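So the structure is just underneath, and the comments pick up after that.
Sequence lines set the chain letters: A, B, ... in the order given, protein chains first and strands last, and positions in each chain run from 1. This one's a predicted model, so the numbers in the text were calculated from it and none came from an experiment.
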Amino acid sequence: MPELPEVETTVRFLRKKVRNRAFIDVWTDFAKMLQIRQGSTGQVKKGNFEDFRKQLKNKKIQKIWRRGKNIILELSCDKTLLIHQKLTGHLLVGYWIMDNGYWKPKSRGFLGEKVNTYIHLLFTMDNGLMLGLSDLRKFAKVELWDTEKLKESKAILSLGPEPLAKDFTFEKFKEYLKNKKGKIKQVLMNQEVIAGIGNIYSDEILWEAKVNPCKEIKRLSDKEIKKIYDAMRKILEKAIKVQGESISDYRTPTGERGGFDKFRKVYRREGEKCSRCQAVIKKTKIGGRSAHFCPKCQTL
DNA sequence: AGTTGTGTTGAAGA
DNA sequence: ATCTTCAACACAAC
């Protein structure tokens with residue numbers, strides 16, 4: 001699942017490969033994932049794929065950045081593509097050829113692996129390179145915005161701070177947490193509080209900080225908040241360094257697995273021994289989502 | 001073979 | 001307002 005480190009990995013790769021390239025064409029077999037946003041509120045324009053295709057044609061990618069789990073491609077003519085990969089979507093870069101209804105990678109390699117074959121959207125760039133979106137569950141969204149409208153949209157403005165931003169200090173983190181209520185895991189995953197953390201990294205961060213995911217915010221000591229803050233930065237930075245996790249569907253844009261699985265301590269490790277204290281990792285539900293933790297070193 | 005779990009986000013329901 | 005549940009969708013594992 002692409003969370004902050006996976007999205008960052010993708011964005012860094014895209015900068016190297018498609019910055020300053022222009023779109024020649026776009027193909028999809030699932031037009032529902034594409035939307036044209038317009039007007040002051042960014043309403044969804046009723047339209048069809050041909051509109052989208054026409055508007056994208058010959059637009060040049062000028063700037064590529066990330067906000068939370070969103071990939072943002074700023075284009076020429078004051079347009080911007082906003083891509084959210086949701087659960088199983090991941091962008092891939094390479095060459096494909098249509099082979100009776102399916103896009104087949106032009107050469108052997110990682111792009112041929114099953115997880116990378118659910119291509120439902122494919123852009124062709126002006127140098128022939130292609131940008132594909134493989135998305136098994138088809139939840140991913142690609143929206144075309146007016147650049148200025150996007151910047152003042154709820155989609156961007158409602159997001160909390162970037163956890164790795166230089167000016168996001170411990171004091172600020174504490175302030176952001178203090179007036180929230182609920183369990184720490186839920187709050188960490190709330191994109192309006194902090195942007196980019198999902199189920200995997202919230203579990204990993206809390207294990208690292210030795211804080212139980214069910215602990216209520218108001219019962220956290222300053223010391224615990226500091227440990228969560230430090231763990232958050234440490235884990236996210238580490239994950240970016242190794243190009244994210246690939247326990248499920250995420251792959252880097254070359255179709256390769258990220259390296260974080262080696263460092264994954266609790267997520268989907270129910271029944272295994274805690275690498276710190278040998279107690280058995282437990283799994284529970286918090287707000288309908290799975291939460292993994294060590295009952296011994298993450299006491300309530 | 002039918003049921004359940006998967007996890008992000010926004011919308012609908014309470 | 002604020003909380004919880006569910007739908008979007010496809011597949012693996014049970």
Query raised in the report: Would you call Lys282(A)-Glu270(A) a salt bridge at under 4.0 Å N-O?
Result: no
Query raised in the report: What integer distance in Å separates Lys285(A):NZ from dT6(B):C1'?
Result: 9 Å
Requested in this report: Show which residues join Leu111(A) in its hydrophobic cluster (side-chain heavy-atom contacts under 4.5 Å, direct or indirect), or state none.
Outcome: Trp27(A), Leu92(A), Trp96(A), Met98(A), Trp103(A), Ile119(A), Leu122(A), Met130(A)
Query - Same-atom distance (P) from dA1(B) to dC9(C), integer angstrom - result: 26 Å
Query raised in the report: In the hydrophobic clustering (ILVMFWY, side-chain contacts below 4.5 Å, transitive), which residues join Phe139(A), or is it alone?
Result: Leu87(A)
Query - SB check Asp146(A) Lys79(A) (cutoff 4.0 Å) - result: yes
Report task. Remember a base hit wins even if backbone is also touched, and classify Lys32(A) as base, sugar-phosphate or nothing at under 4.0 Å, heavy atoms. Result -> sugar-phosphate
Query raised in the report: Could you state the CD-C1' distance from Gln191(A) to dT8(B), rounded to the nearest angstrom?
Result: 8 Å
Report task. Indicate, with yes or no, if Phe30(A) and Tyr102(A) share a hydrophobic cluster defined by side-chain heavy-atom contacts under 4.5 Å among Ile, Leu, Val, Met, Phe, Trp and Tyr. Result -> no
Query raised in the report: How would you label the contact of Thr88(A) with the nucleic acid (heavy atoms, under 4.0 Å): base, sugar-phosphate, or nothing?
Result: nothing
Query raised in the report: Rounded to whole angstroms, how far apart are CZ on Arg67(A) and P on dT9(B)?
Result: 12 Å
Query raised in the report: Taking any atom under 4.0 angstrom from a heavy atom of chain A, which nucleotides of DNA chain C are the first and last to qualify, 5' to 3'?
Result: dC3(C) to dC11(C)
Query - Passing candidate, side-chain contact (heavy atoms from CB on, under 4.5 Å) with Trp65(A), options Leu14(A), Asn70(A), Ile72(A) - result: Ile72(A)
**Report entry** Hydrophobic cluster partners of Ile281(A) (side-chain heavy atoms under 4.5 Å)
**Finding:** Trp207(A), Val266(A)
Query raised in the report: Any side-chain N or O of His84(A) under 4.0 Å from OP1/OP2 of dT9(B)?
Result: yes
Requested in this report: Starting from C1' on dT4(B), measure out to CZ on Arg137(A) and report it in whole angstrom.
Outcome: 12 Å
Query raised in the report: In the hydrophobic clustering that connects Ile, Leu, Val, Met, Phe, Trp and Tyr at side-chain heavy-atom distances below 4.5 Å, which members other than Ile286(A) occupy its cluster, ordered by chain and number?
Result: none
Query raised in the report: Atom CE of Met33(A) and atom C1' of dT9(B): how far apart are they, to the nearest Å?
Result: 16 Å
Query raised in the report: Nearest nucleotide by nearest heavy atom, which residue falls closer to the 5' end of DNA chain C, Tyr118(A) or Gly288(A)?
Result: Gly288(A)
Report summary line: Result for 5'-nearest mapping on DNA chain C, choosing between Lys114(A) and Lys86(A), is Lys86(A)
Requested in this report: State plainly whether one hydrophobic cluster holds both Leu131(A) and Val115(A), where clusters connect Ile, Leu, Val, Met, Phe, Trp and Tyr through side-chain heavy atoms under 4.5 angstrom apart.
Outcome: no
Query raised in the report: If we take the P atom in both dT9(B) and dA1(C), what is their distance in whole Å?
Result: 23 Å
Report summary line: If one requires at least 3 consecutive Watson-Crick or G-U pairs with distances under 3.5 Å, the stems of DNA chain B turn out to be B:2-6 with C:10-14, B:8-14 with C:2-8
